[in-house]
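In what follows, a single structure is set out as structure tokens and then discussed.
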Number of protein chains: 2
Amino acid sequence: MARAGTTARKTRNQMEKRQAIFEAALDVFSEKGLRGATLEQVAKAAGLSKQNVVYYFNGKDQIYAELLESLLQKWVQPLHDLSAEGDPLDEILTYVSRKVQMSRNMPRESRLFATEILHGAPRLGDVLPTDLKTLVDDKAAIIQGWMDAGKLAPLDPHHLIFSIWSMTQHYADFDVQVRSVLGPERSATRFEDAEAFIKDMLIRTLQP
Amino acid sequence: MARAGTTARKTRNQMEKRQAIFEAALDVFSEKGLRGATLEQVAKAAGLSKQNVVYYFNGKDQIYAELLESLLQKWVQPLHDLSAEGDPLDEILTYVSRKVQMSRNMPRESRLFATEILHGAPRLGDVLPTDLKTLVDDKAAIIQGWMDAGKLAPLDPHHLIFSIWSMTQHYADFDVQVRSVLGPERSATRFEDAEAFIKDMLIRTLQP
DNA sequence: GTCTATAAATCGATAGAC
DNA sequence: GTCTATCGATTTATAGAC
């Protein structure tokens, strides 16, 4: 009868079930969106009954909210790791590499956030104007410092970051379109080709 | 009793009602997606009753399908207009201008297509692998021709087009995030800044 | 904790009067 | 064509036995 949902202490088995539900929810929500997905689908994907899923979480919305929150940190980690200590161009190209890798290896997470933001990000609370803005402002200042020091060509750092986000995430979020346009053969190497293209573009652009 | 939905002949009043429904549907579907939106919301936004909306179209899915189809042509027009006859860099920069303008003036259309493709584009039929692929291949060949003639730096034309799509549409699809990160002041000029940034990036990249 | 059963709400669609 | 009334399906959530 004890609620497993939000209490602090949880058994190992409870954590495993919660993790299975998270995994299933990521599958279903990233493919159909919050409203398009049903609890039944999440439960089936997790190998549990619908009522059992409700037992571990309090409802569909809570699964979705906790899922988003649990992925947020991992999602912005690559930008967080961009360091003022490294070589300017290296740091930026490494960031691009990691973002392309994430589009390749974590397309579900990318689509989950994309759908959420596309619909106005009502469940991301005020994380965007606070935490994310602070992080981006911080990194933009580093990049601006590099430009002021003549190590990179002068460009708007915020829009530079936007351009990297958009170009890299495009290959996860709109994968169907990318593959349709490229055709089966060229789709096989789309991530490598994209990474090379974006890096090439940025090298030419950022060379002082 | 005559069905107004799919017959060929329609009165002026019928067309006006249908147009009002389209306009309302674009509002609601672009904000909440197909499943997230209800007929009631569309009807209210159109100033009609739910049953009346059903009378003009046969159901929610049909409104959505016809809406997508009616917007498709307008959506790809800028790329269609990219001409082999013009100056290479001019043609590409003009394309960027028009795409940024569309993000500014038609954000609902952008988000509608984005949501559809994000969820696997089930309702876009096989337009992607046929019509869109043909169009992109055609324009990519033109760009490749310019590169072969030494008028542009050599780059993968398909990924170049993807990069323009992603960078420009980013400002419509993820507008909430863009404004959150930029803050109120800098958001005021986000489209002008974005256009200048993207053009600057492409000029430096495409200069032979 | 997990199950069966079912309540409660939402929503798309239809019937039929006018 | 537009209205009132309502059906039927889906889906979330809860109650209670074990």
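Order of the sequence lines fixes the chain letters, A, B, ..., with proteins taken first and strands second; residue numbering starts at 1 for each chain. Keep in mind the model is a prediction, meaning the values are calculated, not measured.
- Rounding to whole angstrom units, CD of residue A:Gln41 and C1' of D:dT11 are separated by 11 Å.
- Within a heavy-atom distance below 4.0 Å of DNA chain C, no residue of residues 22-35 of chain B is found.
- Look at OH on B:Tyr55: it is 15 Å from P on C:dA15, rounded to the nearest Å.
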Would B:Asp193 and A:His158 count as a side chain to side chain donor-acceptor pair (under 3.5 Å) here? Give the steps.
CA-CA 10 Å; B:Asp193 295 346; A:His158 282 90; over 6 Å; no
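- Here A:Arg111 does not pair with A:Asp175 in a salt bridge; the nearest charged N to carboxylate O distance is not below 4.0 Å.
- Taking atom NZ of residue B:Lys17 and atom C1' of nucleotide D:dC3, one finds them 13 Å apart after rounding to whole Å.
- Counting to the nearest Å, the P atom of D:dT12 and the CG atom of A:Asp61 are 10 Å from each other.
- Between B:Lys74 and B:Met106 the shortest side-chain heavy-atom distance falls below 4.5 Å.
- Atom CD1 of B:Ile21 is separated from atom P of D:dG1 by 13 Å (rounded to the nearest Å).
- The nearest whole Å value for the distance from the CG atom in B:Leu39 to the P atom in D:dA9 is 18 Å.
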What donor-acceptor contacts under 3.5 angstrom involve side-chain atoms of residues 120-130 of chain B, with partners at least two apart or in another chain?
{"unit_1": "B:Arg123", "atom_1": "NH1", "unit_2": "B:Asp61", "atom_2": "OD2", "d": "3.1"}
{"unit_1": "B:Thr130", "atom_1": "OG1", "unit_2": "B:Asp126", "atom_2": "O", "d": "2.6"}
{"unit_1": "B:Thr130", "atom_1": "OG1", "unit_2": "B:Val127", "atom_2": "O", "d": "3.4"}

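- Between the side chain of A:Gln14 and the main chain of A:Thr11, a donor-acceptor pair closer than 3.5 Å is present.
- Distance, A:Asn58 CG to D:dA13 P: 9 Å, rounded to whole Å.
- Which of D:dG1, C:dA13, D:dA13 sits closest to the side chain of B:Tyr56 comes down to D:dG1.
- At a cut-off of 3.5 Å, with distance as the only test, a side-chain donor of B:Gln62 or B:Glu66 sits close to an acceptor on the other residue.
- Taking a 4.0 Å limit (strictly below) on heavy-atom distances, residues 44-51 of chain B reaches DNA chain C at B:Lys50, B:Gln51.
- Between the CG atom of B:Asn52 and the P atom of D:dT2 there is a distance of 4 Å, given to the nearest Å.
- Between the side chains of A:Glu23 and A:Gln19, no donor-acceptor pair is found at a separation under 3.5 Å.
- Using a 4.0 Å heavy-atom criterion, one finds that A:Ala37 contacts the sugar-phosphate atoms exclusively.
- A:Lys199 and A:Ser97 share a donor-acceptor pair across their side chains, judged by distance under 3.5 Å alone.
- In this structure the side chain of B:Thr38 never reaches within 4.5 angstrom of the side chain of B:Val42, judged on heavy atoms.
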